[in-house]
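Worksheet: the structure to be examined is printed underneath.
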Amino acid sequence: MVPELGHFTLILAFCLSVILGTLPIIGAARGNILWMNFARPLTAGVFVFLSVSLIILAYAFVTDDFSVQFVAQHSNTLLPTRYKLTAVWGGHEGSFLLWTFMLAGWMLTVSIFSKSMPLDFVARVLGVLGFLCAGYTLFMLATSNPFDRVLPLAPADGADLNSALQDFGFIIHPPTLYMGYVGFSVVFAFAIAALLSGKLDAAWARWSRPWANVAWAILTIGIALGSWWAYYELGWGGWWAWDPVENPPLITWLLGTALIHSMAVTEKRGIFKSWTVLLAILAFAGSLLGTFITRSGLLTSVHAFASDPTRGVYILGFIILTVGGSLTLYAFRAPLIRNNSGFAMISREVALLANNILLVVASASILLGTLFPMVFQAITDELISIGPPYFNAIFVPLMGILVLLLGIGPVCRWKSTSVSFLVQRLWLIAAASIVLGVVLPLLITTKFSWSVTIGISLALWITFSIVRDILSKIANKANKLKGLTGLPAGYLGMQLAHFGVAVMVVGVCLTSNFSTEKSVLLGPGQTIDLGDYDFVFNGTIPITGPNYVGDQAIIVVSHNGEYLRDLNPEKRIYIASNSPSTEMAIDSGLFRDLFVTLGERRDGGAWSMTIYVKPFIRWIWLGSIFMALGGVTAAADRRYRRLRLKSNEAVGKQGALSSKLQTVT
Amino acid sequence: MSRLKFFAPVIGFLVLGVLLWRGLYLNSRDLPSVLINKPLPEFQLEDVYDNHLVGKQDLPDEMFLLNVWGSYCLPCLVEHPTLIRLSEENIIPIVGINYKDEQDAALDWLDTNGDPFSFSIMDVQGRLGIDLGVYGAPETFLIDKNGLIRYRHVSVIDEQAWKEIFVPAIEALKLEGS
């Protein structure tokens with residue numbers, strides 16, 4: 001009975017979403033205040049019913065209700081409770097419910113934190129989000145209902161959650177990634193609301209900027225968590241594989257990065273307006289494409305859910321309706337947008353334009369590489385394959401140029417900057433970063449490597465440029481610390497995120513160039529050394545977990561002869577599915593990770609194992625954390641909280657344009 | 001003209017949409033008809049362990065699986081336990097194609113995860129992969145005792161795929177005596 005209640009609340013959520021997706025939008029077009037006022041209560045209703053659905057699905061998991069097909073496929077009585085709860089997103093149906101719930105959560109947040117925006121704008125934003133929500137809930141009800149029963153013969157026990165998913169990373173990675181992904185729906189809804197209203201002024205950019213920053217920050221963390229999880233769970237020591245399903249979040253992230261930069265120009269200078277709208281639509285399209293690729297079975301990958309063509313057709317139809325529809329709307333409205341100021345060849349506008357071009361080209365290349373095998377087959381009926389070499393060859397140089405520009409852009413002034421000013425500001429920094437980029441790596445290793453030198457130089461270049469810029473900003477303040485904290489949060493957030501890029505560049509560069517590994521067969525008592533580290537294998541002991549059995553190795557690690565710690569990698573067999581799983585042991589540190597994976601047992605108690613030393617790998621994720629913190633800091637800027645006054649002014653200024661637009665419609 | 005350029009995004013998007021739509025029905029898991037029931041292409045490539053040249057004549061005379069793998073390939077780890085089981089229980093011989101990989105990484109991978117393959121052919125350039133129309137690792141071909149390609153499976157062979165796809169296909173081939 002309880003699962004049917006969940007199914008019923010899902011239907012109610014769908015019904016409310018349909019009303020939310022239509023009534024307030026029509027109300028806004030006709031100036032009907034009552035209809036517009038329905039938007040907030042309807043949003044709350046959708047959120048409540050979707051929450052109930054999600055809780056009921058979780059309840060079915062916790063109570064081992066294997067008459068629910070989704071539970072029977074993804075859980076087992078032996079599964080620990082925390083994984084029973086999170087198995088909710090261990091498969092297609094439940095994870096889509098989580099996705100839709102995340103959307104409802106964003107909708108509720110928008111409806112609460114939008115008091116300063118005009119009612120018609122809020123009604124349109126929530127209406128567009130309600131329309132998306134209606135599409136998602138209908139998709140679930142029609143093709144992927146998580147509450148479907150297997151009756152009358154319910155299985156006695158479930159098939160168990162995939163053993164690779166029984167891990168802490170699985171608890172946090174999907175929700176964070178979805179939250180970031182879906183956050184771009186909010187920015188999309190703002191853009192569509194602006195297009196519908198015809199008021200494509202700087203105000204919409206100011207309203208949506210904090211939302212875009214927060215969504216971008218969460219997506220950054222979501223992707224970084226995925227990378228970190230793959231690193232320690234999958235046991236191959238890699239942190240990025242250009243997997244077809246890793247790529248769409250990256251595409252969305254790159255477009256989102258372009259968007260938050262373009263929004264800055266639109267808000268501050270009133271130009272790039274139509275471009276910003278287009279980017280908001282494209283970032284949203286990227287997030288839908290990610291869903292499509294994982295859930296349609298179009299491409300095969302570790303992430304792919306069980307495929308079903310009807311699902312693919314539905315999602316593709318939905319993408320064509322929403323993205324195609326909004327691009328058509330854009331095509332009719334964009335020509336009416338007037339940009340009201342110009343800029344010189346060397347200016348911050350041009351620097352940000354270059355940023356946008358590089359990011360969009362990078363995302364287009366990744367999209368091409370991801371879809372090319374399929375598209376090529378569609379056209380020629382021949383098959384080809386594309387691997388990491390393609391992605392690295394295109395992505396790395398583009399990002400190199402981007403990072404180079406990153407040191408210059410923030411120093412440039414709006415409208416126009418003189419070359420002599422830039423040279424005066426930057427020549428010393430440039431020289432210092434090149435010299436240190438050559439010298440510093442030689443302190444660690446005797447081998448000169450171009451890629452290391454370039455990577456370190458670029459990271460230093462960004463860092464020095466940030467420090468130089470901040471120093472010049474507080475130069476004439478009496479109290480330097482007060483001067484620093486007195487800088488606008490938007491500015492500090494930007495510099496923090498840019499510093500995150502520098503940290504990540506160091507991590508990527510040093511990990512890629514200086515990682516070492518050894519695969520060995522060790523009998524009990526034998527020792528292997530890697531760099532300054534010695535690893536003594538002291539045999540294995542049998543272990544028993546709640547739903548698995550296995551062996552745990554005892555490996556004593558010492559550094560330059562001094563005892564460091566024990567590492568205990570495991571080899572587990574999950575009982576319900578009889579599937580093996582390897583648990584690595586990692587000693588993590590700011591400057592290096594030690595990483596041991598256990599292979600196969602051989603004769604005489606010997607085991608094959610692989611030992612890795614990965615310098616600076618933590619910096620990749622540390623950089624992501626800085627970027628995300630920067631995004632959140634920028635979103636907390638005081639000026640977004642003084643919206644009401646300013647936005648009213650802006651609307652007043654744009655009045656003439658919007659009345660002109662209204663006559664067109 | 002200045003207004004028409006704003007239609008470029010929607011037109012570009014619709015072209016992509018049509019391609020994706022076709023892609024849905026292509027089902028890249030099925031072999032294009034040109035290669036099914038055709039003999040395997042000729043090749044002369046090195047063995048992953050000792051670099052001696054292997055060719056078509058070294059392949060098993062009975063029915064076998066030809067599995068495309070790589071040390072970089074995450075899904076390969078998912079299917080690996082199944083391949084190990086098939087080889088340990090002597091159910092069917094498996095020949096590996098180590099696809100666009102580095103030899104050291106491949107050897108480490110086999111050492112760490114176990115080696116279910118009778119032998120592995122190193123296809124560093126991806127030449128054999130192109131002749132076979134390989135889409136990426138993992139991918140598995142079912143070859144009959146006459147050396148003809150009878151089935152191609154793109155994606156992971158886990159226990160479910162083995163039971164539901166390969167076992168029936170192999171039974172059918174045994175019945176027709178090939």
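Note that these values count all heavy atoms, side chains included, but never hydrogens, waters or copies made by symmetry. A, B, ... follow the sequence lines: proteins, then strands. Residue 1 opens every chain. Computed from a predicted model, the values in this text were never measured in an experiment.
Taking the ring centroids of A/Phe595 and A/Tyr231, they lie under the 6.0 Å cut-off.
B/Asp61 CG: 12 or fewer foreign heavy atoms inside a 6.0 Å radius.
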| Trace of the side-chain contact (heavy atoms from CB on, under 4.5 Å) decision for A/Arg601 with A/Asp551 | CA-CA 10 Å; A/Arg601 182 201 288 275; A/Asp551 295 294; 3.3 Å; yes

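Across A/Ile281, A/Leu282, A/Thr328, A/Leu521, the residue that shares the most heavy-atom pairs under 4.5 angstrom with chain B is A/Thr328. Per-residue counts of heavy-atom pairs under 4.5 Å with chain B were compared for A/Pro389, A/Gly324, A/Ala285; the largest is that of A/Gly324.
For a residue to count as touching a neighbouring chain, one of its non-hydrogen atoms must lie under 4.5 Å from one of that chain's; by this rule A/Ser274 touches chain B with the side chain only. Both the backbone and the side chain of B/Asp111 come within contact range of chain A, each with at least one heavy atom under 4.5 Å from a heavy atom of that chain. In this structure, the portions of A/Ile319 lying under 4.5 Å from any heavy atom of chain B include both its backbone and its side chain. Neither the backbone nor the side chain of B/Ile84 comes within contact range of chain A, judged by heavy atoms closer than 4.5 Å. With a 4.5 Å cut-off on non-hydrogen atoms, A/Leu278 touches chain B through its side chain but not through its backbone.
Within the structure, every pair that satisfies the ring-ring contact (aromatic ring centres under 6.0 Å, His included) test and touches residues 155-175 of chain B, not counting sequence neighbours, is listed here: B/Tyr151-B/Phe166, B/His153-B/Phe166, B/Trp162-B/Phe166.
A/Trp242 and A/Asn247 are not linked by any side-chain donor-acceptor pair at a separation below 3.5 angstrom, with hydrogens and angles left out of the test.
The shortest non-hydrogen separation linking B/Ile94 to B/Leu83 is CD1-O, 3.7 Å.
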